[in-house]
Amino acid sequence: MSYKVGLILSMIFVALFFLFGADLITIESVFSTLDAKANNISYIISRNGIIDDEFINHIETTFSVKFDCPKNPSPTFGERIIYQISTTYHPLVISKQEMTIAIKRMTIVGFYG
């Protein structure tokens, strides 16, 4: 009889362990997706260079991210632009609150190679 109780209790821990693993895999997937979006955004910034309200709205709607960057209406060739993109994730067992996953990147205006 006691081995059945032990088996039931251990199954609870095994299920929580698998849910924790699923959370970690999903967070890694979200981070990889953000990294790929950051590469595309860096290319767009280096081609356009101008960062205004219209550009920020375009990036946020196209890539479904929150875009944080100081506005730069007249950049010069070779100027460095640092920006951050972020998204939220609702974890299964890691936390009861949603998590914000963010990536900070730098791009150079005029360099898109």
Side-chain angles (χ1 to χ4, degrees):
M1 180 71 171
S2 65
Y3 72 92
K4 290 181 182 179
V5 173
L7 180 66
I8 291 171
L9 289 176
S10 67
M11 283 300 150
I12 293 171
F13 291 119
V14 168
L16 289 175
F17 178 75
F18 280 119
L19 288 175
F20 181 73
D23 264 348
L24 292 179
I25 290 170
T26 307
I27 288 171
E28 190 274 330
S29 174
V30 169
F31 187 81
S32 295
T33 303
L34 272 181
D35 190 40
K37 289 178 181 181
N39 286 338
N40 290 337
I41 292 170
S42 291
Y43 180 77
I44 293 170
I45 290 173
S46 65
R47 297 255 341 202
N48 295 345
I50 299 171
I51 298 174
D52 54 0
D53 289 331
E54 181 181 338
F55 179 79
I56 291 172
N57 290 335
H58 171 70
I59 292 296
E60 287 181 347
T61 56
T62 303
F63 293 101
S64 300
V65 295
K66 185 176 183 304
F67 183 78
D68 295 323
C69 181
K71 294 178 186 168
N72 193 350
S74 59
T76 59
F77 184 80
E79 184 177 346
R80 285 194 268 168
I81 296 178
I82 298 172
Y83 65 94
Q84 178 175 332
I85 59 172
S86 60
T87 188
T88 58
Y89 170 65
H90 303 283
L92 299 172
V93 293
I94 290 178
S95 175
K96 292 183 180 180
Q97 302 165 351
E98 68 181 14
M99 300 171 64
T100 300
I101 301 172
I103 292 181
K104 191 173 191 177
R105 292 287 187 259
M106 185 270 303
T107 188
I108 300 174
V109 175
F111 180 75
Y112 35 85

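Values below: every heavy atom of this structure, side chains too, minus hydrogens, waters and symmetry copies.
Taking a cutoff of 4.0 Å between a charged side-chain nitrogen and a carboxylate oxygen, Asp68 and Lys104 do not qualify as a salt bridge.
The closest side-chain heavy-atom distance from Phe18 to Leu92 is not below 4.5 Å. Side-chain contact between Thr76 and Val109 is absent, with no heavy-atom pair separated by less than 4.5 Å.
The two residues Val65 and Glu60 have their closest heavy-atom pair at O-CG, 3.2 Å. When all heavy atoms of Val93 and Asp23 are compared, the pair lying nearest together is N-OD2, 2.8 Å. Summarising the geometry of Ala102 relative to Ser86, their closest heavy-atom pair is CB-CB, 3.7 Å, with the distance given to 0.1 Å. Across all non-hydrogen atoms, the minimal contact from Ile82 to Cys69 is O-SG, 3.6 Å. The shortest non-hydrogen separation linking Thr87 to Ser64 is OG1-O, 4.4 Å. For Ala38 against Arg105, the heavy-atom pair with the smallest separation is CB-CG, 3.8 Å.
In this structure, CD1 in Ile50 is found 12.5 Å from CD1 in Ile45, a value given to the nearest 0.5 Å.
With hydrogens and angles left out, the side-chain atoms of Tyr89 and Thr100 include no donor and acceptor closer than 3.5 Å.
The number of heavy-atom neighbours closer than 6.0 Å to CD of Gln97, taken from other residues, nucleotides and ligands shown, is 12 or below. Within a 6.0 Å sphere centred on CG of Leu16, other residues, nucleotides and ligands contribute more than 12 heavy atoms.
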